[in-house]
Amino acid sequence: MSESEHRFPKRLYQQGSEPDQRFSLANERTFLAWIRTALALLSGGVALAALNQAIPTTGHKFISLILLAAGTIAPPYAWWSWVRNERALRLQRPLPSPILTLPLALLVIIIGLGLALTLWF
Amino acid sequence: MKSHPKPEPEHHYQPQPDSTSRAGKETEPQLPSFSQRITHPRSSHREAQATYQQLELFDQGLQPERVRLSWTRTVLVILGASGAMLKLSSQWLYPARVFLFTCSAAIALFYGLYMHHRYYRFTSTHILSSSGLWLGLVAAYVCALGVFGFAWVCSN
């Protein structure tokens, strides 16, 4: 039984050839960075909701729900992105461009401005 | 016009088959040199070659260490978030708390046993046991934490 049959997802490891291990490790670190980002978004959402219980303001619950939604979407995206990058490395193709980075950056900017406004007024 | 000498042909990384010693015992696989593994646009420059050779000395040790530290940070944040969720979910159903506690313990155990083994195996043998299974499970658990967070915010 070949080594690729023990690895998950099998379909990914049956494609192409083994890349330089350092690239695989870098891909794994990128995945972990996305997971930490997701956890930060989730923590922010829960913290805002907890703050909303102490100091009720309009919009806090809405913003916390948006943060939680982003934090829930990020882990599946991280895994999908890891698979996509690993496939590109195995097939020696250019790495695909990240899809969620720009929307996430815009979301964080908008939420920051929204929070500033809700706390000001 | 004098033409420049042709640069040396660049080599791509090819995994080396396991070598066998005279006694018939398997020895550690030898990694090719850094210049063979990496094709760099400036690889014909001697200075760049020297820098890469210097990097090679450290890189083999640092790569797994960086991954391990990255896992450490992630597992610590996951355990912190799980602990906070356990504290918040005091009014929730018992199975939800059991699920959170079991998953947190499993992740801590996985990190303590598997990652330790993987790190030392890679450092000593240069064989990476890479698989998406653990990554998928961690992603699924963080996603579940997000669902718990939603439930908590909506119920308050």
Side-chain angles (χ1 to χ4, degrees), chain A residues 3-4 6-13 17-50 52-53 60-62 64-65 67-83 86 92, chain B residues 12-15 31-32 34 36-39 59-60 62-82 84-85 87-88 122 126-156:
Chain A
E3 199 185 343
S4 67
H6 294 290
R7 296 157 95 184
F8 178 82
K10 206 182 281 183
R11 215 170 64 178
L12 168 72
Y13 286 108
S17 58
E18 217 41 44
D20 190 327
Q21 291 167 344
R22 285 167 304 175
F23 299 152
S24 289
L25 290 170
N27 192 20
E28 191 172 321
R29 287 198 299 274
T30 310
F31 166 83
L32 292 172
W34 269 105
I35 291 293
R36 288 196 297 275
T37 307
L39 285 163
L41 288 166
L42 292 178
S43 306
V46 170
L48 262 181
N52 193 34
Q53 285 184 334
H60 264 192
K61 192 168 183 175
F62 178 68
S64 73
L65 285 174
L67 281 173
L68 283 167
T72 312
I73 290 167
Y77 169 77
W79 199 75
W80 177 69
S81 180
W82 176 82
V83 170
E86 196 70 18
Q92 296 182 350
Chain B
H12 289 279
Y13 169 56
Q14 293 293 330
L31 278 178
F34 196 92
Q36 281 178 317
R37 279 180 278 160
I38 294 290
T39 303
D59 205 32
Q60 289 176 7
L62 285 183
Q63 279 285 336
E65 192 172 335
R66 276 153 62 189
V67 178
R68 198 185 182 196
L69 286 170
S70 194
W71 269 104
T72 308
R73 290 194 297 270
T74 310
V75 169
L76 280 173
V77 177
I78 287 175
L79 292 180
S82 304
M85 207 61 83
K87 183 82 179 165
L88 289 172
F122 184 65
H126 303 293
I127 296 168
L128 176 68
S129 53
S130 180
S131 172
L133 180 64
W134 290 110
L135 307 184
L137 287 175
V138 167
Y141 178 61
V142 175
C143 206
L145 274 181
V147 174
F148 279 124
F150 251 110
W152 182 76
V153 171
C154 291
S155 65
N156 284 290

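Numbered from 1 within each chain, the chains take letters A, B, ... in sequence-line order. Below, all heavy atoms of this structure are taken into account, side chains as well, without hydrogens, waters or symmetry copies.
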Step-by-step side chain to side chain donor-acceptor pair (under 3.5 Å) determination, A:R29 to B:S70: CA-CA 6 Å; A:R29 287 198 299 274; B:S70 194; 5.9 Å; no
Heavy-atom pairs under 4.5 Å with chain A, option from B:L145, B:V153, B:V77 with the top count: B:V153
Pairs of heavy atoms under 4.5 Å with chain A: top-ranked of B:G146, B:G80, B:G132, B:G136: B:G132
Spacing of CH2 belonging to B:W71 relative to CD1 belonging to A:I35, to within rounding of 0.5 Å: 8.0 Å
Gap between atom CG of A:L42 and atom CZ of B:F150 - 0.5 Å precision: 9.5 Å
Straight-line distance of B:I78 CD1 to A:R36 CZ, nearest 0.5 Å: 10.0 Å
Point-to-point distance, once rounded to the nearest 0.5 Å, from OG of B:S131 to NZ of A:K10: 11.5 Å
Rounded distance [0.5 Å steps], CD in B:Q63 versus OG in A:S24: 10.0 Å
Separation of A:L65 CG from B:C154 SG (nearest 0.5 Å): 5.0 Å
Which atoms of B:W134 approach chain A - backbone, side chain, both or neither, heavy atom under 4.5 Å: neither
B:L69 versus chain A, the contacting section by heavy-atom distance below 4.5 Å: neither
Shortest non-hydrogen contact from A:V46 toward B:W152: O-CZ3, 3.7 Å
Trace of the side chain to side chain contact (heavy atoms under 4.5 Å, CB included) decision for A:E28 with B:L135: CA-CA 8 Å; A:E28 191 172 321; B:L135 307 184; 4.1 Å; yes
Chain B contact via A:A40 - which portion, at a heavy-atom distance below 4.5 Å: neither
Heavy-atom pair of closest approach, residues B:T74 and A:L39: O-CD1, 4.3 Å
Best-contacting candidate, B:A140, B:A139, B:A81, against chain A by heavy atom pairs under 4.5 angstrom: B:A139
Close side-chain approach of A:T72 to B:V142, heavy-atom, < 4.5 Å: no
Part of A:L32 within contact of chain B (heavy atom distance under 4.5 Å): both
Chain A contact via B:A84 - which portion, at a heavy-atom distance below 4.5 Å: neither
